[in-house]
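One structure below.
So that the names make sense, note that chain A is the first sequence line, chain B the second, and so on, each numbered from 1. Note that the structure is a prediction, hence the values are computed from the model and not measured.
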Protein chains: 2
Amino acid sequence: MKYQEVALAIEQSIRKQNLAQGTRLPSLSQLSTTYDASKTTMVKALAILEGRGIIFQVQGSGIFVRLKARDNYIPLTTNTGFTTDLGTHLITAKLLEFKVQKPSEDLIRDFNCDPDEDFFFLKRKRYIDKKVLCIENSYFRQKVVPYLNEEIANESIFGYLDKVLNLKVGFSDKYLQANVLTEAEAKLLELPLNAPGFYIDELFYSTTGIPFDFSQNVYHYKNAHFFLQSINK
Amino acid sequence: MKYQEVALAIEQSIRKQNLAQGTRLPSLSQLSTTYDASKTTMVKALAILEGRGIIFQVQGSGIFVRLKARDNYIPLTTNTGFTTDLGTHLITAKLLEFKVQKPSEDLIRDFNCDPDEDFFFLKRKRYIDKKVLCIENSYFRQKVVPYLNEEIANESIFGYLDKVLNLKVGFSDKYLQANVLTEAEAKLLELPLNAPGFYIDELFYSTTGIPFDFSQNVYHYKNAHFFLQSINK
DNA sequence: AAGTGGTCTAGACCACATG
DNA sequence: ATGTGGTCTAGACCACTTT
């Protein structure tokens, strides 16, 4: 896809030059000739960068660099299970549990599935730079993901799904709330009793619209902060 | 904008017919003739609906209805201060404090502003269906918003900014975390001491890229749940 | 008035899913 | 093989900001 290549090239150019917030980029027509793309393709590439929070466009005025005001926050907009993101940070995981089981009522609701379907259940503890990040309970639908084992679970599951099963994430729903940790969660997160937790439930759909993974995450409230950039268009 | 009208028309058509998750819509070319728009315009309209989580598209297969799996969650993707959203719910607010003050160090960092600038500070308590929703501390930059009073603060500030000052939100940054409530917050939220809070810091930029409003929100962890839909494109 | 981004079109061609 | 969505183009025109 040409527009993605162009978007990437522009992004890298911004990063490499370390441009400041509000710096003005060359005009649309200039960029078109620079990257040898039609105006329409250019517009699409810029729309992508705008969606990612890297630039903003002002009609009649220009295209400007947009930076986030704070650092070290986990982006909420990526679907990959953030192995790809947070480049400078070391994310690791420890597998705590692995089994096959039937869905709970909540799971039946979220997947809109048969109560007799089988699910791979896995519980993991994740670390960021060796600090506890979160506890993750994931449920993979066996109907869609026919095989999983502990070894795969210890590496990148989404990488396996993509490469081996050719199963890609099309879109996802996230549900967020704060709550008091359960006793078990507090122990695993190495936090005192009654400490708060940041809960994210996440439902992943394939590109064809079938939900195949539900993930229940409790984040350490001190080690995990999140951010999100939006546009009004 | 034609593509926005088309997008709205399709959305309303889906809602009116109360179509189920996964229902297939007419093909791209059929929609083009139905709404009398070129294929390109149609594609853009559909991209918008996809971004809003209303449909999903599968190459080579079709366009399908996407519904969220759960209800009664506050969407994180709108910038309007949610007066517009949550149609069936009654959102009200009570003004607790109103004054002009200089920025704190955090504020100087987020606005990247002069320490001598003046800010309108206002503290509000918000309710959803008469239950406590959150405590909001907002700071409006006087340089951009030259006038505000208690009366305006009691109604829709963003409506005032738009209509009277012609100031629109271009984009925004949100920062999220869980934490233990302070004593004052707990009292205002009518929660016990040491209860958790869901914190959202929000920085609003004008369409020209100038940050003009910083808002620090603490949500009642039982009365406020959030959701977010993403696409992998 | 000039320059910039935003919208829309018709049409060609590509990539994928399904029967 | 057919139909579907996805990409790309050149070009016309519109809306806004700046000088």
Are B:Glu97 and B:Arg124 close enough for a salt bridge, meaning some N to O gap below 4.0 Å? no
Nearest whole angstrom, please: distance from the C1' of D:dT4 to the CZ of B:Arg24. 7 Å
B:Glu50 atom CD is separated from D:dG5 atom P, nearest whole Å, by 12 Å
Judged by each residue's nearest nucleotide on DNA chain C, which is more toward the 5′ side, B:Ala37 or A:Ser27? A:Ser27
Judged by each residue's nearest nucleotide on DNA chain D, which is more toward the 5′ side, B:Val58 or A:Gln4? B:Val58
Using the closest heavy atom to pick a nucleotide of DNA chain D for each, name whichever of A:Ser61 or B:Lys39 lands nearer the 5' end. B:Lys39
When you check the gap from the basic side-chain N to the acidic O, do B:Glu136 and B:Lys123 get nearer than 4.0 Å? no
Going by the side chain to side chain donor-acceptor pair (under 3.5 Å) test, name the single residue among A:Gln17, A:Lys16, A:Glu11 that passes it with A:Ser13. A:Gln17
So A:Tyr175 and B:Phe227, would you call those rings parallel, tilted or perpendicular, with 30° and 60° as cut-offs? tilted
Reading DNA chain C 5' to 3', which nucleotide is the first, and which the last, to come under 4.0 Å of any heavy atom in chain B? C:dT7 to C:dA17
Could you tell me whether A:Ile63 contacts a base, only the sugar-phosphate backbone, or nothing, with contacts defined as non-hydrogen atoms closer than 4.0 Å? sugar-phosphate
Checking all strands, does B:Lys44 fall into the base, sugar-phosphate, or nothing category for heavy-atom contacts under 4.0 angstrom? sugar-phosphate
Have a look at A:Thr40 and say if it touches a base, only the backbone sugar-phosphate, or nothing, with a 4.0 Å heavy-atom cut-off. base
Less than 4.0 angstrom from a charged side-chain N to a carboxylate O is my criterion; do A:Asp201 and B:Arg70 meet it? yes
Decide yes or no on ring pair (Phe, Tyr, Trp, His ring centres under 6.0 Å) for B:Phe111 and B:Phe119, but give the supporting numbers first. CA-CA 11 Å; B:Phe111 279 101; B:Phe119 284 83; 5.0 Å; yes
